[in-house]
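Notes to accompany the following structure.
Side chains included, hydrogens not; waters and symmetry mates left out as well; all remaining heavy atoms used.
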Amino acid sequence: MLITTVLLFALAAILGAILLSKVFQDKETPKPVVYAHGLAAASALVLLFFAWYNNGDSLLLTSLLIFVIAATGGFILFGKDVTGKPLPNWLAAVHALAAVTGFVILLIVVFL
């Protein structure tokens, strides 16, 4: 389950990098990428929750909570994006940094 979680978050990260580049260039975000990014990240978040619930590892919980923070920023960005409002670069950067931090912690748990 954790390997699937890592792979889904990796996919979300690749798609997120595409989106982040569009946000920083003040270009329109491609909606299929937006939806695929959210679906991959949300699916991975659910799997991470169940992995933590079954395992109880405190580093998994740390990763989960950081990803929840990233997801909160992602929901705000998504809401602004679908309503056509400008996306704040600072929020996109914080969202990305939180996700990368959660991902690195997850990788530590899985591979070390």
Side-chain angles (χ1 to χ4, degrees):
M1 181 178 342
L2 281 175
I3 297 299
T4 304
T5 303
V6 167
L7 292 174
L8 283 169
F9 274 131
L11 174 61
I14 291 165
L15 297 172
I18 293 166
L19 295 171
L20 190 62
S21 71
K22 297 293 184 188
V23 169
F24 283 149
Q25 295 172 18
D26 292 323
K27 292 185 177 178
E28 183 73 22
T29 56
K31 297 308 177 252
V33 178
V34 169
Y35 298 131
H37 169 73
L39 181 61
S43 300
L45 191 61
V46 169
L47 288 178
L48 182 57
F49 171 79
F50 284 114
W52 166 75
Y53 184 80
N54 290 327
N55 184 315
D57 186 287
S58 63
L59 274 180
L60 277 181
L61 177 59
T62 302
S63 177
L64 176 65
L65 293 175
I66 292 170
F67 274 123
V68 167
I69 292 168
T72 302
F75 284 129
I76 294 168
L77 289 167
F78 178 75
K80 288 185 174 294
D81 194 28
V82 298
T83 58
K85 295 179 181 172
L87 302 178
N89 288 352
W90 69 268
L91 182 56
V94 169
H95 168 71
L97 288 173
V100 167
T101 302
F103 190 65
V104 167
I105 294 170
L106 177 61
L107 291 176
I108 290 169
V109 172
V110 173
F111 294 112
L112 293 181

Examine [X] and [Y] and state if one hydrophobic cluster contains both, with Ile, Leu, Val, Met, Phe, Trp and Tyr joined whenever side-chain heavy atoms are less than 4.5 Å apart.
X     : Y     : result
Phe75 : Val23 : no
Leu97 : Leu65 : no
Phe49 : Leu2  : yes

[X] side chain near [Y] side chain, heavy-atom distance below 4.5 Å:
X      : Y     : answer
Trp52  : Leu59 : no
Val104 : Ser63 : no
Ser21  : Lys27 : no
Pro30  : Lys22 : yes

Using modelled atom types only, decide if a donor and an acceptor are shared between the side chain of [X] and the backbone of [Y] within a distance under 3.5 Å.
X     : Y     : value
Ser43 : Leu39 : yes
Asn55 : Ala51 : no
Thr29 : Leu19 : no
His95 : Ala70 : yes
His37 : Leu15 : no

Taking the six-membered ring where the residue is Trp, are the ring centres of Phe67 and Phe9 under 6.0 Å apart?
->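 Yes, close enough.
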For Ala40 and Leu11, which heavy atoms make the closest approach, and how far apart are they?
->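 Scanning both residues, the minimum pair turns out to be CB-CD2, 4.1 Å.
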Work out which heavy atom in Leu45 is nearest to a heavy atom in Ala71; give both atom names and the distance.
->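 Smallest interatomic distance, heavy atoms only, reads CD2-CB, 4.2 Å.
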What pairs of residues pass the salt bridge (charged side-chain N to carboxylate O under 4.0 Å, His left out) test when at least one of them lies in residues 28-42, not counting sequence neighbours?
->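 For residues 28-42: Glu28-Lys31, Lys31-Asp81.
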Among Ile, Leu, Val, Met, Phe, Trp and Tyr joined by side-chain contacts under 4.5 Å, find the other residues sharing a cluster with Ile69 and list them by chain and number.
->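 The other cluster members (ILVMFWY side chains, heavy atoms under 4.5 Å, direct or chained): none.
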If you group Ile, Leu, Val, Met, Phe, Trp and Tyr whenever their side-chain heavy atoms sit less than 4.5 Å apart, what else falls in with Ile14?
->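 Hydrophobic cluster check, Ile14: no partners found.
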Working to the nearest 0.5 angstrom, can you tell me the gap between [X] [atom1] and [Y] [atom2]?
X     : Y      : atom1 : atom2 : answer
Leu60 : Tyr53  : CG    : OH    : 15.0 Å
Asp26 : Leu87  : CG    : CG    : 9.0 Å
Leu64 : Ile105 : CG    : CD1   : 11.0 Å
Leu48 : Thr4   : CG    : OG1   : 12.0 Å

Carefully, step by step, assess Phe103 and Ile66 under the rule side-chain contact (heavy atoms from CB on, under 4.5 Å).
-> CA-CA 9 Å; Phe103 190 65; Ile66 292 170; over 6 Å; no
Start with the C-alpha gap between Leu20 and Phe24, add the side-chain angles, then the distance that decides, and say whether side-chain contact (heavy atoms from CB on, under 4.5 Å) holds.
-> CA-CA 6 Å; Leu20 190 62; Phe24 283 149; 3.7 Å; yes
